[in-house]
Every structure is written in C-alpha cells, then in structure tokens.
Amino acid sequence: MKKLYVKIGGISCDHCRKKITLELLKLDGIEKAFVDGNIACIECCDEIDVSKIIDSINDLGYITNFNLVATDKKQLKFGLQLVQFVLIFLFILLLGYGLDKLFGFNIFNAIPTIDSNITYGMLFLIGVLTSIHCISMCGAINLLACYSTDRSERFKRPFLYNLGRVISYSVIGGIVGLIGSVISINYMVNGIVMIIASIFMLLMALEMMGIIRLKIPRFKGYKTKSSNPFVIGLINGLMPCGPLQAMQIYALGTGSFIAGFLAMSLFALGTVPLMFFVGTIFNYFKGRMRVVFNKVATVLIIILSFNMLFRGFGTIGVNINSSNDYSDYVASTIYDDYQEVKISLTYDSYDNIVIQKGIKTKLIVEVDKTYLTGCNNEIFIEEYNIKHKLVEGENIIEFMPNEVGTFSMNCWMNMIQNTIKVIDNKSYFEVMV
C-alpha cells in the first residue's frame, strides 16, 4: 500500500471535493481517498496506474497532470500559483480604474434614489437595474453557490440560491416594515457586522485557493452542505449591501409587514434574471475555463472582503488613512468669524477636506443632479452628529470642529468614505480680511 497526493485545479467548494472523492473510489486499486483543500490524498495498491487517476479527475472537468502527483504532500502544498492571482488582481483593478476614468461612472455606487413616491412596478425595475450592482458586489458568491459539474444541478443550484435570496429579502422586508421606525442599528453594530462578514469572505477565498480548510460545525440530527446554495442565498440577504440597505429603509418607512414584504419581494425578483443567468452559464465551464473562473472568483471575493473591511473600520471610527500629508485636500478659506470649504459631488466621492480647529465651519456641497444617486445622496459625519440629505444645487452644512484629528465623512451606507482633517495651523489657510 502506498500514498499518493494529487494537486487539482478548479476546486471551489465541498461539492467539488465530494464529487472527486466518489469518482476516485470507483477506481480499482484505490482503498481510501479524500480531498483536503485542493489536494487529493489517495491510498492505493502499488500497481495502480496513475494515468487512470489523472484521467478520472480530468474527465470530471477539473485539471491535473503527472507533474502534480507526488508521494510527499509537502512537494505540492506550497506550490501555490500566487503570481497568477496577483496578475488577475491587478487586471481587475486596472479594468475598474479604466472604466471609471473613461466613463466617469462607478458601478459599485450606481444605485437609484429610492423614496416614498416609487411604485411597485418601479421597485421591480430598480431590482433589474441594480442586478448589475449585485453581480459586481456579490457575483463571486453567486458563482460559488451556483457552480456545479453535475448536469442535474446546473439549473437546480442557481434556482435554489435565488430562491433563498428572494425569501430572505422578502422576510427581512416584512420584519423591518412591521417594526417601522422603532428599528435602529447604530454605527458601531453596523461596522462590526461588516468587519466580521469581511473576515469570513477572506477565509472563503483562502479555502478556494487551497491555503486553508474550513470546518463547518454540524449539529446532531441535522445534515447540511457548506456549499448549500439555498442556505447561501438566505445568508446573502443579511449582507451589508448598498441596494439592500436602501430597500430596507424604504420598507422601514412603509410601517407594514405586508407592504415591506411585497416591496422587498418585487425588488428581489427584479435581481433574479441576471443573477440566475450568470450563475447558470458558468456551470458549463470545464477544464482550464473552470480553473480561470475559480481564480477570478477568488480574487473578486478577496477584493470585496478588503473593501468591506475598510468600510467597517471607517464605520466604527477607525480611519485607515492617518497620514499627515493633506496637500491634495480641499482647504477651507477663513473669514472673520467662520471658515468656508466648498466641494463638488461626484458618483463616488465628496472630496477630502482640511479645516482649522476652533472656527465655525460652513461646508458647501455643490450637487449636479447628474451625479446624485441612491448611495451618495446623504452625508454622514458622525463626529459632529450630522446626517444631511443632499439635493440639487448648493447644500450648506455647518459645524464646529473643536478637536484636532482625522474624522470620516461617509455616505449613509459607508460605500463612499472621505476624510476631514482638523488642524491647528491658521497660517496654512487663506485668510480673508
């Protein structure tokens, strides 16, 4: 009896590991087999034909070859293709940067303004439009939940995932609508939820890379899969996502379980067509396409996890950018008894500002209706207890900065995060006399 270790490309979840294990156990000469991360551990007879092992794995649509077979696991465990992940990461960042510069449009913040005048038909349409946002923010999770090489599950898994999302969104909408104005989640709780969610997403990505192996706790008498698409869909409804938060606020204002439930149901149903299509089409990937998909999905999850982590820290008041360099900040102009700083709204920014300590501040936000979205239409400055709804034209926000420090200026769901620097150096500013 000897042991063989086979590194396999394209594994994304427990479903993949179980499928490969069952296929290996069908081969003559194999006594035991299991898949740990992205490495198959096999106990077999000395006369086993290694080519049969390789062929059986490749026939399932995964990738391996003779160079990825060893008798010592250590020879494979550290052979991570990190360079490829880095290149994919850089490509995605450059693509996003290029689209933003060419079209001046950040898809992550492209959320329509939702108010009490929206009809139920419009709620469904908003769901259709913001499904593009869902793909950009949660697309990797969507693909992870829906992906399967089993023909019988290529439509079943996307259906169950989207069914779970619709049920979760709808029930949450009903509960929020019933509670009405009583419900209130403070900044600290919201930030902690974001940080925890980002950590779990990062762990998910590390598992997909084969670096770690997540152990999902199981309760006596209850059987489940860590990759159960229906469960992932239900959990997806709890994600701190921009469109969801916007819709939950709308549902909150209905003051009714039925109205809140219906509003969130229509919104969720609007997101289904694109999410279902994307989740289904990727099920037809095999071989190298599967490996590429897996790596792209992993990188997207990593990007999203860090994005959410920084948002979470910003929400609880931990400013990641603590540099003393504010040369590119918009500085205030000091008048007799007040200072004024003027900024312009864009899709994804309010501008960073630097102001003088101890002088009443007038922050003027110039808003072009073209750039006003459901994400950036309300400024939150927790340090000064400011929640200001933006409208077209000039918006004046007044406050007194009594302490030197670095403070956050966010949109209402913390996707846009800018900085307020308060310094004690009057000579830095232009003084009007």
Where does the angle between the aromatic ring planes of Tyr384 and Phe399 fall among parallel (under 30°), tilted (30 to 60°) and perpendicular (over 60°)?
-> parallel
Evaluate the criterion side chain to side chain contact (heavy atoms under 4.5 Å, CB included) for residue pair Val50 and Phe66; output intermediate values, then yes/no.
-> CA-CA 8 Å; Val50 176; Phe66 285 100; 4.0 Å; yes
Over all atoms of both residues, closest heavy-atom pair of Ile8 and Tyr62 = CG2-CB, 3.6 Å
Result for side-chain contact (heavy atoms from CB on, under 4.5 Å) between Leu345 and one of Leu372, Asn395, Thr370 points to Leu372
Salt bridge or not for Asp36 and Lys73, using N-O below 4.0 Å?
-> yes
Should Asn410 and Ile416 count as side-chain neighbours, where that means a heavy-atom distance under 4.5 Å?
-> no
Could you go step by step and tell me if Leu363 and Met409 meet the side chain to side chain contact (heavy atoms under 4.5 Å, CB included) rule?
-> CA-CA 12 Å; Leu363 171 62; Met409 178 168 57; 3.9 Å; yes
Does the pair Asn162 and Phe276 meet the rule for a side chain to side chain contact (heavy atoms under 4.5 Å, CB included), with working shown?
-> CA-CA 7 Å; Asn162 283 284; Phe276 183 86; 3.9 Å; yes
Using salt bridge (Lys or Arg N to Asp or Glu O under 4.0 Å) as the criterion, list what pairs up with Lys26, not counting sequence neighbours.
-> Glu23
With sequence neighbours excluded, residues passing side-chain contact (heavy atoms from CB on, under 4.5 Å) with Asp351 | Val330, Ile343, Ser349
For Ser168 against Gly233, the heavy-atom pair lying closest together = CB-O, 4.1 Å
Would you please name every residue forming a salt bridge (Lys or Arg N to Asp or Glu O under 4.0 Å) with Glu366, sequence neighbours left out?
-> Lys342
Set of ring-ring contact (aromatic ring centres under 6.0 Å, His included) partners for Phe34, sequence neighbours left out = none
Which atom of Cys45 lies closest to which atom of Glu31, heavy atoms considered | SG-OE2, 4.2 Å
Any residue meeting side-chain contact (heavy atoms from CB on, under 4.5 Å) with Leu68, in chain and number order, not counting sequence neighbours | Lys7, Thr64, Asn65
Has Lys2 got more than 12 heavy atoms of other residues, nucleotides or ligands less than 6.0 Å from its NZ?
-> yes
How long is the span from the CD1 atom in Ile63 to the CD1 atom in Ile57, to the nearest 0.5 Å?
-> 10.5 Å
Show your working on side chain to side chain donor-acceptor pair (under 3.5 Å) between Tyr169 and Arg165 and close with a plain yes or no.
-> CA-CA 6 Å; Tyr169 291 10; Arg165 285 197 315 112; 3.2 Å; yes
Decide if atom CG of Asp72 counts as having more than 12 heavy atoms of other residues, nucleotides or ligands within a radius under 6.0 Å.
-> yes
Determine the minimum heavy-atom distance between Cys44 and Leu4, stating which atoms define it.
-> SG-CD1, 3.9 Å
Side-chain contact test, heavy atoms from C-beta onward, threshold under 4.5 Å: evaluate it for Val166 versus Leu269 and give yes or no.
-> yes
With rounding to the nearest 0.5 Å, note down the distance linking CG in Asn385 to NZ in Lys387.
-> 7.0 Å
How long is the gap from CG on Leu262 to CZ on Phe257, to the nearest 0.5 Å?
-> 11.0 Å
Among Leu60, Ile53, Val6, the one residue meeting side-chain contact (heavy atoms from CB on, under 4.5 Å) with Leu24 = Ile53
With no hydrogens and no angle check, is any side-chain donor or acceptor of Tyr161 less than 3.5 Å from a backbone partner on Lys156?
-> no
Does Phe230 reach the side chain of Leu163, with side-chain heavy atoms less than 4.5 Å apart?
-> yes
Can you check whether Val272 reaches Met275 side chain to side chain, under 4.5 Å on heavy atoms?
-> no
Correct closest heavy-atom pair for Ile39 and Tyr5 would be CG2-CB, 4.1 Å
So NZ of Lys3 and NZ of Lys32: to nearest 0.5 Å the spacing works out to 8.5 Å
Between the side chain of Ser56 and the main-chain N/O of Lys52, is any donor-acceptor distance below 3.5 Å?
-> yes
Could you tell me whether the side chain of Ile423 reaches within less than 4.5 Å of the side chain of Val354, counting heavy atoms only?
-> yes
Residues in salt bridge (Lys or Arg N to Asp or Glu O under 4.0 Å) with Glu383, at least two apart?
-> none
Take Ile379 and Ile397 through the test side chain to side chain contact (heavy atoms under 4.5 Å, CB included) and record every step on the way to the result.
-> CA-CA 10 Å; Ile379 283 185; Ile397 302 171; 4.3 Å; yes
Which pair of non-hydrogen atoms, one from Gly164 and one from Leu234, has the smallest distance, and what is that distance?
-> O-CD2, 3.4 Å
Is the closest side-chain heavy-atom distance between Asn352 and Tyr326 below 4.5 Å?
-> no
Check whether more than 12 heavy atoms from other residues, nucleotides or ligands sit under 6.0 Å from atom CG of Asp328, and answer yes or no.
-> yes
Side chain to side chain, Phe159 and Pro229, heavy atoms closer than 4.5 Å = no
Indicate yes or no: at least one non-hydrogen side-chain atom of Pro158 is less than 4.5 angstrom from one of Phe277.
-> no
To the nearest 0.5 Å, what is the distance between CD1 (Ile420) and OH (Tyr350)?
-> 11.5 Å
Supply the atom-to-atom distance Ile42 CD1 to Ile48 CD1, rounded to the nearest 0.5 angstrom.
-> 8.0 Å
